[in-house]
Amino acid sequence: VGAVAEGMIPDDALVCHPGTQNKRVTLDRGRIARFRTVMTGEMFSLLQMHSILSDLLTDTMAVDDAFCDGVRRGLDGDALTAQLFSVRAGVLLGEARREDATDFTSGLLIGADIGSSLDDGDGDIFVMGGPNLTRLYAAALGLAGRRAIEIDGEAAFLAGIKAIAGRI
């Protein structure tokens, strides 16, 4: 609401709002035409806290070679559960570095998420949220051949509250 009201995004747009559950919204003339939620952030959190990968997923996420490799593999569309198991196997077999596990896993999940939505339209994708997540999604979208425009989620939220208050 706020991003449209303030002109941060056009009336016809594909919006990606990453978080615990990534939301994707297709706007048509300022109205929600399609809405989808994906458990990407929640899945990462579950893997980080309650899986055989938890001892490997301890670093802060960065856009680096490991992240980009994970994104490319996620975009490939192979079985995500098999790809996730390869994280641990790669470290145990000495084929991957332990310090790359967090970035690779994050990239893998985000790549799979993005890969499932590339057919939702063409053109720019507006990635709205906190900069720690929008930068990851923007980088992954770039690897997928899409242009991402980052929107500050807090500014959009405040603009939305202002727009709603103006209608009351």
List the atom pairs, donor and acceptor, that lie under 3.5 Å between side-chain atoms in residues 76-84 and the rest of the protein, sequence neighbours left out.
residue	atom	partner	partner atom	Å
D78	OD2	Q83	NE2	3.4

Report all side-chain donor-acceptor pairs from residues 27-35 shorter than 3.5 Å, counting only partners two or more places apart or in another chain.
residue	atom	partner	partner atom	Å
R34	NH2	D120	O	3.3

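M61 and L136 make their closest contact through SD-CD1, 4.0 Å (heavy atoms, listed as atom of the first residue, atom of the second, distance). Taking all atoms of both residues into account, the shortest heavy-atom contact from V1 to A163 is CG1-CB, 4.3 Å. Scanning both residues, M128 and G153, for their nearest heavy atoms gives CG-CA, 3.9 Å. Residues A156 and I151 come closest through the heavy atom pair CB-CG2, 4.4 Å. Residues L75 and G111 come closest through the heavy atom pair CD2-O, 3.4 Å. Between A159 and M8 the shortest heavy-atom distance is CB-CE, 4.4 Å.
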Checking L14 against F126 for the side chain to side chain contact (heavy atoms under 4.5 Å, CB included) test, could you report, in this order, the C-alpha distance in whole Å, the side-chain angles of both residues, the deciding distance, and whether it holds? CA-CA 6 Å; L14 178 58; F126 295 83; over 6 Å; no

May I have the step-by-step check of side chain to side chain contact (heavy atoms under 4.5 Å, CB included) for I125 and Y137, ending in yes or no? CA-CA 10 Å; I125 298 176; Y137 273 80; over 6 Å; no

Audit row: I110, S106, side chain to side chain contact (heavy atoms under 4.5 Å, CB included) steps and yes/no: CA-CA 6 Å; I110 291 172; S106 174; 3.7 Å; yes

Side chain to side chain contact (heavy atoms under 4.5 Å, CB included) between V4 and D11: does it pass, once the steps are laid out? CA-CA 7 Å; V4 171; D11 288 346; 3.5 Å; yes

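Note: the hydrophobic cluster containing L133 does not contain I149 (ILVMFWY, side chain heavy atoms under 4.5 Å, direct or indirect links). Residues I9 and V25 fall within the same hydrophobic cluster, defined by Ile, Leu, Val, Met, Phe, Trp and Tyr side chains chained together at heavy-atom separations under 4.5 Å.
H50 has its side chain out of reach of S54: every pair of non-hydrogen atoms, C-beta onward, lies at least 4.5 Å apart. A heavy-atom distance below 4.5 Å is not found between the side chains of Q48 and L53. Using a 4.5 Å heavy-atom threshold, the side chains of N22 and C16 count as touching.
With sequence neighbours excluded, the residues satisfying salt bridge (charged side-chain N to carboxylate O under 4.0 Å, His left out) with R73 are D69. Under the salt bridge (charged side-chain N to carboxylate O under 4.0 Å, His left out) criterion, R88 pairs with D55, sequence neighbours left out. Under the side-chain contact (heavy atoms from CB on, under 4.5 Å) criterion, M43 pairs with L47, L109, sequence neighbours left out. Residues that satisfy the side chain to side chain donor-acceptor pair (under 3.5 Å) test with E154, not counting sequence neighbours, are absent from this structure. T134 meets the side chain to side chain donor-acceptor pair (under 3.5 Å) test with E150; sequence neighbours excluded. R147 is linked by a salt bridge (charged side-chain N to carboxylate O under 4.0 Å, His left out) to D124, counting only residues two or more places apart in sequence or in another chain. Qualifying side chain to side chain donor-acceptor pair (under 3.5 Å) partners for D100, counting only residues two or more places apart in sequence or in other chains: R97. Checked against side chain to side chain donor-acceptor pair (under 3.5 Å), Q21 has the following partners two or more places apart in sequence or in another chain: E42. D113 meets the salt bridge (charged side-chain N to carboxylate O under 4.0 Å, His left out) test with R24; sequence neighbours excluded.
For the pair H17 (side chain) and K23 (backbone), a donor-acceptor distance under 3.5 Å is absent. Between the side chain of T102 and the backbone N or O of D59, at least one donor-acceptor pair lies under 3.5 Å.
As a member of the Ile/Leu/Val/Met/Phe/Trp/Tyr network built from side-chain separations under 4.5 Å, L158 groups with F157, I161.
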